[in-house]
Amino acid sequence: MPTSEPAIQFERVSKSFPGVTALSDVTFCVEQGEFFALLGPNGAGKTTLISILAGLTRASAGSARVLGFDVERDDLEARARLGVVPQELVFDPFFTVRGTLELQARYYGVRGAAAWIDELLVNLDLTAKANTNMRALSGGMKRRVLVGQALVHKPPVIVLDEPTAGVDVELRQNLWTFIKRLNREGHTIVLTTHYLEEAESLCSRVAMLRAGRLVALDRTDRLLRDMTGVTVEISADRVASEYADRAAPTAAGAFGFTLPDHAALESLLAAFRREGIAIRDLRVEGADLEQAFLKLTSQETAAS
């Protein structure tokens with residue numbers, strides 16, 4: 001298999017249920033070694049797309065591949081290279097935590113998995129619960145076990161569908177430390193999350209879905225730069241005349257400006273300097289994914 005194959009490839013994927021179109025003509029690739037975010041509101045089609053990739057449901061049209069293996073024609077090869085942490089808490093109540101991971105390892109034909117299972121237990125903060133029955137765990141701990149199940153066969157491609165939902169802050173930090181390590185070691189990571197700050201800090205590229213359609217696909221930094229710009233708040237006695245019609249008074253008695261990029265900020269400050277206006281305080285806020293997503297979805301709503 002050529003090493004140039006994308007880690008994940010969706011080609012014109014559509015999925016319809018009776019009376020509902022969940023996905024419509026979705027096409028994009030995730031390259032090997034990427035830390036990639038798949039974002040969208042509830043009902044956007046993210047989980048349906050992941051279910052198609054994992055072979056849990058069939059696309060109505062189009063194709064999905066994992067490292068070049070078609071998820072329908074080459075299902076065993078594709079599944080062996082993919083680890084998915086599902087959004088739902090699905091578990092067998094009759095096994096302990098360690099037993100659950102050992103069973104998953106046997107399912108994938110992994111031999112000598114004990115050391116790796118021990119490492120997973122440590123990194124997921126589950127060592128103390130290794131011999132506890134699954135049904136006795138809290139929701140957050142069950143989610144940690146799901147992460148362990150997805151990683152037990154060391155898949156090169158890992159999909160995390162809301163992995164930190166219901167998980168405390170400390171474990172969330174530990175989990176991301178572990179996942180970032182796996183990414184540095186060459187694993188491809190695809191993340192869906194409602195914590196947009198996670199996607200913004202972790203992921204180099206972002207795809208955004210809305211109503212089953214791909215509405216954005218770009219590098220995180222470029223998407224933020226192009227979609228939302230920069231917000232500036234200046235405290236001064238007055239506004240430079242050439243910016244007077246663009247200033248918005250704030251509750252704190254300052255003047256607010258929305259600029260397309262940081263280069264425009266220098267032009268704004270230069271206008272104040274030319275008129276000899278002293279700036280008492282300056283606050284600059286960069287773009288964030290939540291703003292970008294809200295802007296994209298509002299544009300899509302207006303267009304439709």
Item to complete: Begin with the C-alpha distance, continue with both residues' side-chain angles, and end with the deciding distance and a verdict on side chain to side chain contact (heavy atoms under 4.5 Å, CB included) for L160 and I189.
Response: CA-CA 7 Å; L160 307 169; I189 312 294; 3.9 Å; yes
Discussion item. Would S14 and R12 count as a side chain to side chain donor-acceptor pair (under 3.5 Å) here? Give the steps.
Written reply: CA-CA 6 Å; S14 296; R12 308 199 68 175; over 6 Å; no
Fill in: Verdict with reasoning, R65 to E11, per salt bridge (Lys or Arg N to Asp or Glu O under 4.0 Å)
CA-CA 9 Å; R65 294 180 175 84; E11 184 69 31; over 6 Å; no
Practice prompt. Quick one: do V206 and L39 satisfy side chain to side chain contact (heavy atoms under 4.5 Å, CB included)? Show the steps, please.
Written response: CA-CA 7 Å; V206 177; L39 304 179; 3.8 Å; yes
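The side chain to side chain contact (heavy atoms under 4.5 Å, CB included) check on Y107 picks up R79, with sequence neighbours excluded. Partners of E275 under the side chain to side chain contact (heavy atoms under 4.5 Å, CB included) rule, at least two apart in sequence or in another chain, are R238, A240, S241, I277. Not counting sequence neighbours, the partners of K180 by the side chain to side chain contact (heavy atoms under 4.5 Å, CB included) test are F35, R184, L202. The salt bridge (charged side-chain N to carboxylate O under 4.0 Å, His left out) check on E77 picks up nothing, with sequence neighbours excluded.
Side-chain contact between F257 and V239 is present, with at least one heavy-atom pair separated by less than 4.5 Å. Two residues are said to be in side-chain contact when any heavy atoms from C-beta on lie closer than 4.5 Å; V215 and L209 fail this criterion. Considering only heavy atoms from C-beta on, F36 stays 4.5 Å or farther from C29 through its side chain. Contact check for L146 versus K142: no side-chain heavy atoms found under the 4.5 Å cut-off. In this structure, the side chains of L101 and Q104 stay at 4.5 Å or more apart for every pair of heavy atoms. In this structure, V152 and I117 have side chains that are in contact, with non-hydrogen atoms separated by less than 4.5 Å. No side-chain heavy atom of F10 sits under 4.5 Å from any side-chain heavy atom of L23. The shortest distance between side-chain heavy atoms of L182 and I179 falls below 4.5 Å.
Remark: R181 CZ is packed, more than 12 non-hydrogen atoms of other residues, nucleotides or ligands lying under 6.0 Å away. Crowding of R111 atom CZ: a count of heavy atoms from other residues, nucleotides or ligands under 6.0 Å not exceeding 12.
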Only pairs under 3.5 Å count here: list side-chain donor-acceptor contacts from residues 124-132, not counting sequence neighbours, and write none if there are none.
none

Compile the donor-acceptor pairs under 3.5 Å between side chains in residues 42-55 and protein atoms, sequence neighbours left out, one pair per line.
unit_1	atom_1	unit_2	atom_2	d
N42	OD1	H194	NE2	3.2
K46	NZ	G40	O	2.8
K46	NZ	P41	O	3.2
T47	OG1	D161	OD2	3.2
S51	OG	T47	O	2.9

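Classification of the W116-F178 ring pair by plane angle, with boundaries at 30° and 60°, yields tilted.
There is a side-chain donor-acceptor pair under 3.5 Å between E198 and T193.
Salt bridge status for E5 with R81: absent, with no side-chain N to carboxylate O gap under 4.0 Å. Ion pairing of R98 with D118 is present here, as a side-chain N (NZ or NE/NH1/NH2) and a carboxylate O approach within less than 4.0 Å.
The line from CG of D75 to CG of D70 is 9.0 Å long, rounded to the nearest 0.5 Å. The line from CG of L175 to CZ of R144 is 9.5 Å long, rounded to the nearest 0.5 Å. Summarising the geometry, atom CD belonging to E34 is positioned 9.5 Å from atom CG belonging to N183; distances are rounded to the nearest 0.5 Å.
Taking the six-membered ring where the residue is Trp, the centroids of F272 and F255 are separated by 6.0 Å or more.
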